[in-house]
2 protein chains.
Amino acid sequence: MSRKDQIEQKATALFKAHGFTATSMRDLAHALGIEAASIYSHIRSKEEILQRICFRMAEEFFEGITAAVSEEGTAVDRLKNAVAAHVAVLTRNTEAAAVFLHEWRHLSEPFLLEFLEMRDRYEAHFRAIIRSGIHNGEFKVPDEKFAALTILSSLNWIHTWYKPEGKMSAQEIADSLSAMLLNGLRNN
Amino acid sequence: MSRKDQIEQKATALFKAHGFTATSMRDLAHALGIEAASIYSHIRSKEEILQRICFRMAEEFFEGITAAVSEEGTAVDRLKNAVAAHVAVLTRNTEAAAVFLHEWRHLSEPFLLEFLEMRDRYEAHFRAIIRSGIHNGEFKVPDEKFAALTILSSLNWIHTWYKPEGKMSAQEIADSLSAMLLNGLRNN
DNA sequence: CCTACCGATCGGTAGG
DNA sequence: CCTACCGATCGGTAGG
């Protein structure tokens with residue numbers, strides 16, 4: 001692993017643990033066992049690290065959803081695939097996922113704008129699945145946008161408790177969540 | 001409104017907008033039209049402001065859930081009441097709710113520990129409702145804790161878009177969310 | 001509530 | 001990758 005990757009990995013852990021602003025370059029240097037000034041041989045600025053984390057995660061989410069929605073099938077199937085893809089990205093790197101979800105607001109322009117546009121395009125894939133399910137009678141929900149955001153919100157807390165060594169696999173988590181979201185709590 | 005309340009209100013808005021760490025006492029003073037040093041006539045420290053916001057919101061959530069679970073009824077009814085109470089607190093003060101949800105980790109000990117204990121006791125009320133619903137056959141869910149956290153997660157994104165002047169009232173939002181969570185997306 | 005100020009720390013650069 | 005250092009800013013205090 002290159003020094004640059006090591007910097008990014010340590011920074012990801014610290015950004016998740018204490019937040020971007022509360023993490024100093026000296027904290028990061030200490031975790032790497034070098035001096036703060038030395039970090040700048042590999043990266044241009046503190047924010048560049050955040051940019052790399054946020055946009056790399058965004059790419060991973062897009063790759064997942066693109067594969068999920070390209071398959072044919074019912075809206076139920078496509079939603080299950082989308083949920084599974086989202087959970088897979090979240091669980092593959094929980095630290096980067098947490099930074100992606102909570103620290104993006106410290107991006108400066110024009111990166112912030114680009115980030116928000118990407119996020120909206122991502123959410124649009126979920127809205128489209130909901131919409132098609134409403135149209136063909138598979139789903140019954142009050143509002144397409146409302147439903148899409150509720151789904152994503154219920155997925156995005158996973159990083160707070162998921163452990164790779166835990167008893168549930170990413171696919172099992174995705175299946176449980178899909179079942180809850182599709183069928184509800186009620187014992188029909 | 002007392003000066004102390006004004007300070008807390010402005011701080012809440014700034015903490016939500018930029019985060020606790022990224023908000024300086026000079027930013028806060030500027031928003032109030034006074035000098036940074038003057039703030040310390042009313043509060044002891046920057047963190048004290050955060051403590052007051054977080055624990056006041058915690059109290060409000062507890063008041064809501066206590067009233068909701070004290071009523072008799074089915075697990076479905078009690079869950080609807082709990083969701084409505086939670087949404088009511090979230091929508092009554094979206095800025096303080098956002099700070100409560102995202103900035104609590106900047107509390108120092110022993111406040112952090114106390115905060116996390118309170119949060120767990122709050123979540124336990126939701127777990128208890130789910131559990132009783134499972135036992136009497138109203139609910140069918142894979143895991144009680146999993147279900148409770150999914151519910152709370154799907155509620156806690158409201159602060160990102162709720163506007164008091166919007167077309168949906170807090171009760172309508174709560175009803176839509178309860179319906180989605182109880183019945184699922186599927187058109188049964 | 002202000003002026004004046006404290007020591008500490010910030011992100012980052014120069015030069016080797 | 002280090003030493004040495006920059007100007008800016010931080011939370012907070014003294015004294016009025």
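Each chain gets a letter, A, B and so on, in the order its sequence line appears, and its residues count up from 1.
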* To do: For the residue pair A/Phe115 and A/Phe55, categorise the inter-ring angle as parallel (less than 30°), tilted (30 to 60°) or perpendicular (more than 60°).
  =>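 Geometry flag for A/Phe55 against A/Phe115: perpendicular rings.
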* Can you list the residues that meet the salt bridge (Lys or Arg N to Asp or Glu O under 4.0 Å) rule with B/Arg186, with sequence neighbours excluded? ->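 So B/Arg186 forms no salt bridge (Lys or Arg N to Asp or Glu O under 4.0 Å) with any residue.
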* If you walk 5' to 3' along DNA chain D, what is the first nucleotide with an atom under 4.0 Å of a heavy atom in chain A, and what is the last? ->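 So the contact region on DNA chain D extends D/dC1 to D/dA4.
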* To do: Determine whether the aromatic ring centres of B/Phe111 and B/His106 lie less than 6.0 Å apart.
  =>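 Aromatic pair excluded; centres sit 6.0 Å or further apart.
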* Ring centres under 6.0 angstrom apart (B/His125, B/His86) ->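 They do not qualify: ring centres at least 6.0 Å apart.
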* **Most 5' of A/Asp27 and A/Arg44 on DNA chain C, judged by nearest nucleotide** =>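 The answer here is A/Asp27.
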* To do: Would you tell me whether B/Ser24 and B/Asp27 have side-chain atoms, one donor and one acceptor, within less than 3.5 Å of each other?
  =>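 Present: a donor and an acceptor within the cut-off.
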* Asked: Side-chain donor-acceptor pair under 3.5 Å between B/Ser41 and B/Arg3, yes or no?
  ->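 B/Arg3 and B/Ser41 do not have a side-chain donor-acceptor pair below 3.5 Å.
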* Asked: What nucleic acid atoms does A/Thr21 come within less than 4.0 Å of, heavy atoms only: base, sugar-phosphate, or nothing?
  ->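 The answer is nothing, as A/Thr21 stays clear of every strand by at least 4.0 Å.
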* Which part of the nucleic acid, if any, lies within reach of A/Ser41 when heavy atoms closer than 4.0 Å are counted: base, sugar-phosphate only, or nothing? ->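 Here A/Ser41 touches the bases of the nucleic acid.
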* **Over 12 non-hydrogen atoms of neighbours within 6.0 angstrom of NE2 in B/His18** =>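 No, the 6.0 Å shell around NE2 holds no more than 12 heavy atoms from other groups.
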* Does atom NZ of B/Lys10 have more than 12 heavy-atom neighbours from other groups under 6.0 Å away? ->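 Not buried by this count: 12 neighbours or fewer within 6.0 Å.
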* Asked: Nearest nucleotide by nearest heavy atom, which residue falls closer to the 5' end of DNA chain D, A/Ala36 or A/Arg26?
  ->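 Looking at the nearest nucleotide for each, A/Ala36 comes out on the 5' side.
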* Asked: With pairs taken as Watson-Crick or G-U wobble and both distances under 3.5 angstrom, which stems of at least three consecutive pairs involve DNA chain C?
  ->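 Stem list for DNA chain C: C:1-16 with D:1-16.
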